Amino acid sequence: MSFAFATPKQRRRPSLTPMIDVVFLLLVFFMLVSRFGIESAVPLGQSGAAAGYQGPPRLIDVTPDGLLLNGVAMAPDALLSQLSQLSTDLGDAVVLRPREGADVQTLVRAMELLQQAGHSNLLLVE
């Protein structure tokens, strides 16, 4: 009895086209979600600067509703004028405290506002 075996089929090489498509899709995805440009950083006061705190309290609470200077709600322009009365030098420490519900963007806006007014010693506390 003789058995006839089927002739072996020639093996096909795997196609790389689907893998290349996936790589290009990933490339396009990461290009679209990445951010280009220079990140702006808001510098804060030096670590341990709170030990040398002097003068009247200058505590700015950042809330979801706005800004509070020493517990009193104020508009940004009024805050700057009141803060100038509380500090003798623009290098005096100003303490920023974000409250529950305040978003980071509001905090950054407050820090930029103070920096534009010339306040260079900002302390961020929890």
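Model, not experiment: these values are computed from the prediction.
Rounding to the nearest 0.5 angstrom, the gap separating the CD1 atom in Ile60 from the CE atom in Met111 is 10.5 Å. Put simply, CG on Leu96 and CG on Leu59 are 8.5 Å apart, with the number rounded to the nearest 0.5 Å. Atom CE of residue Met74 and atom CG of residue Asp61 lie 12.0 Å apart, to the nearest 0.5 angstrom. In this structure, the separation between OG1 on Thr17 and CE on Met19 is 9.5 Å, given to the nearest 0.5 Å. Note that CZ of Arg99 is 13.0 Å distant from CG of Leu67, once rounded to the nearest 0.5 Å. The distance from the CG atom of Leu113 to the CG atom of Leu79 is 7.0 Å, given to the nearest 0.5 Å.
Of all heavy-atom pairs spanning Leu83 and Leu114, the tightest one is CD2-CD2, 3.5 Å. Counting all heavy atoms, side chain and backbone alike, Arg58 lies closest to Leu86 at NH1-O, 3.5 Å. Considering all non-hydrogen atoms of both residues, Thr63 and Ala102 come closest at C-CB, 3.9 Å. Closest non-hydrogen pair, Pro98 versus Val125, comes out as CD-O, 3.3 Å.
Val22 is linked by a side chain to side chain contact (heavy atoms under 4.5 Å, CB included) to Leu26, counting only residues two or more places apart in sequence or in another chain. Contacts of Asp103 classified as side chain to side chain donor-acceptor pair (under 3.5 Å), with partners at least two apart in sequence or in another chain: Thr106.
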Give the C-alpha distance, both sets of side-chain angles, the deciding distance and a yes or no for side chain to side chain contact (heavy atoms under 4.5 Å, CB included) between Gln115 and Leu122.
-> CA-CA 9 Å; Gln115 283 184 333; Leu122 303 178; 4.0 Å; yes
Take Leu124 and Leu107 through the test side chain to side chain contact (heavy atoms under 4.5 Å, CB included) and record every step on the way to the result.
-> CA-CA 10 Å; Leu124 184 62; Leu107 176 65; 3.9 Å; yes
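Asn121 places no side-chain N or O within 3.5 Å of a backbone atom of Asp92 that could act as its donor or acceptor partner.
Proximity of Phe29 to Leu25: side-chain heavy atoms (C-beta onward) are nowhere separated by under 4.5 Å.
Under a hydrophobic-cluster definition in which Ile, Leu, Val, Met, Phe, Trp and Tyr are linked whenever side-chain heavy atoms come within less than 4.5 Å, directly or via other members, Val28 and Val33 are assigned to different clusters. A chain of hydrophobic side-chain contacts below 4.5 Å, direct or via other Ile, Leu, Val, Met, Phe, Trp or Tyr residues, connects Leu27 to Leu16.
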